[in-house]
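The structure follows.
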Amino acid sequence: MAGLINSEDIATVKARTSIEDVVREYVTLRSAGPGSLKGLCPFHDEKTPSFNIRPAVGAWHCFGCSEGGDVISFVQKVDHLTFSEAVERLAQKLGMELRYEDGQRPREEGLGRRTRLVEAHRVAQEFYADALINLPAARAGRDFMRARGFDGAVAKHFGVGFAPRGGEDLVRHLRDKGFSDDEIVTGGLAGRGSRGLYDRFRGRLVWPIRDITGDTVGFGARRLFDDDRIEAKYLNTSETPIYKKSTVLYGLDLAKKTISKERRAVVVEGYTDVMACHLAGIENAVATCGTAFGADHIKVLRRMMRDEADLAPARVIFTFDGDAAGQKAAMRAFADDQKWASQSFVAVEKSGKDPCELRQAGGDPAVQALIEDAVPMFEFAVRTTIKRFDLSTAEGRIQAARAVAPIVASIRDQSLRPEYTREVSGMLGLDVEQVAREVSRAGRLKVDDEPRDARDRRDSSGDDAEPVAGEGDSGMPAPDRRDPVVMAERQLLQVILQFPNVFAPGALDMLTPDAFSAPAHRAVFDGIRIAHASSETSSVRAWTSAVTEAAPSPVAGLVSELAVDTLPTRMDAVTGLPTSRYVDELFNRVRTIALTRQIADALSEMRRIEHSDEPAPDRSRELGLHLQTLQRELATIKAGMV
Ligand SMILES: [Zn+2]
């Protein structure tokens, strides 16, 4: 049974894992005030960071899509794992052996599937790498590498290997290591034929494709032998539970630090190009694996580069083959995403050499020069189009203007059009007005050609659209954050969740749920009361988890939000905690509101009794005493507040 991990072990995993380190594998973070970090959310598209973590509390929350939780839920969501799989994965990274409820190590098939598939890939990668060094038959592979200037150390660094020609060598090896046929096939390492399993890659040079955390999740394999029955020069792992070609980028595990530091990425076309670039010092190079660069790849890079609205634009440089197919790819990428296009650059070598060939011919400086000479994607698209026309004649220039106009007209950001129009007129030697006329005509044609509903669809599905935060499925109205009373409640709950130790013992017992006017806040406070009564609050992380568990599930997101959101106050310079003055003020404010409300309730009941036909002297006396107590307490607080 995979679900029954010892609960102490789960707590230990949570306590020992740094949520910051884990999140940084996926999201580039920067400071968001004391004790808090933020970045672009991995769970929804955005250009301004609203994904926050608070490492001391062990919590994360996105203010854009309202997702939130602890380090385990983060790993679950980001890698599509079950709870057990996420815990197992984190435990594995900590080198921790988990205990399961029956006191036994889990049987092998009880381990999470992802963990098993990743492990099978790790074993396969080692197997291939050994084969490249040791097998006589791998000589063709070694020659291939050497011919491209890659020695043994380079092969080792990139994990390059050789898939034996036999057809069942890897299958046998994996079975020996305890992997089931089902796992081997599901992982895409073998196919199932009429005579049993056969190796997916045979007689090929193989590159391990790793996900962003460095786990090998698939392979790319290059043809080496003329008698290879599969014609394709490159084969890739097909889609598996752990390999999604639309998001995977070869080399990202090695490039991510540089990409996030320089906010620049270089996209090349092949595995050898990535290797050549990295060796030439261009350590932000990645490649897609057997698929065109697409929208999901853009998302992955954007998160790495902090492609945020308020920063200088991040840059992506594409190196396309100089041939027609490569140019087409560039034009498509340009058409796909306008915002992206304005930050995209294209590096094309005139002779059509790719980075690997360039390095063989001209060494590292040639590769560096290629990247440095990149031109804006727009310019590239325009130049490629113009090249088809004879600009020495007036007729040719006009035709070129007409051909280029749709490119300019397709720039959705209208503010950029005049600048590009000017540029095109310069390239063609035409009046700006003349080009502008063509552009506006092309724009009209384009819009009129498109069916209306398609236009509407496109407009409404723009990637700027962000889900509305804070309402919806909770079944409780979102607290109104324009209301100062609600804001005081919110801050008090934040302090309780983030800094439970600033309160004097017993202080929290003085608060009652009715002190909170927003129903969602009341529900969170219910969770706090239950957790407070039942836990010994060993650490802030354990405290936050306990509250999350105790609170009604509709407000789980709110709990993580409150645990993560930065308090709008300056922390004490010495202790790093909110000042006692700030805490007291919040506490007294919320307490005052509760008292005022209780007093009003009591007064109203008294008035109802006075106007009623039935006298109720006992209840009147009781209410009178109650009122006195409340008013005395209120007076004390008010006296203290001055
Ligand atoms: Zn989000």
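Whatever order the structure lists them in is the order used to number ligands and atoms, beginning at 1.
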Checking ring pair (Phe, Tyr, Trp, His ring centres under 6.0 Å) for the pair Phe51/His44: CA distance, chi angles, key distance, verdict?
CA-CA 10 Å; Phe51 176 87; His44 82 279; 9.3 Å; no
With Asp70 as reference, evaluate Arg541, Gln76, Lys14 under the side chain to side chain donor-acceptor pair (under 3.5 Å) test and give the passing residue.
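Exactly one pass, corresponding to Lys14.
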Output, by chain and residue number, all protein N/O/S atoms separated from the Zn ion (ligand 1) by less than 2.8 Å.
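Listed by chain and number, the atoms are Cys41 SG, His44 ND1, Cys62 SG, Cys65 SG.
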Give, for atom CG of Asp572 and atom CG of Leu577, the distance between the pair rounded to the nearest 0.5 Å.
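Rounded to the nearest 0.5 Å, the CG-CG separation comes to 7.0 Å.
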Within the side chain of Thr548, is there an N or O that forms a donor-acceptor pair under 3.5 Å with the backbone of Val559?
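No; zero donor-acceptor contacts below 3.5 Å.
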Quick check, are the ring centers of Phe318 and Phe380 under 6.0 angstrom apart?
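Between Phe318 and Phe380, the centre distance exceeds or equals 6.0 Å.
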Give a yes or no on this: more than 12 heavy atoms of other residues, nucleotides or ligands lie within 6.0 Å of atom NZ of Lys245.
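Counting neighbours around NZ of Lys245, 12 or fewer heavy atoms of other residues, nucleotides or ligands fall under 6.0 Å, so no.
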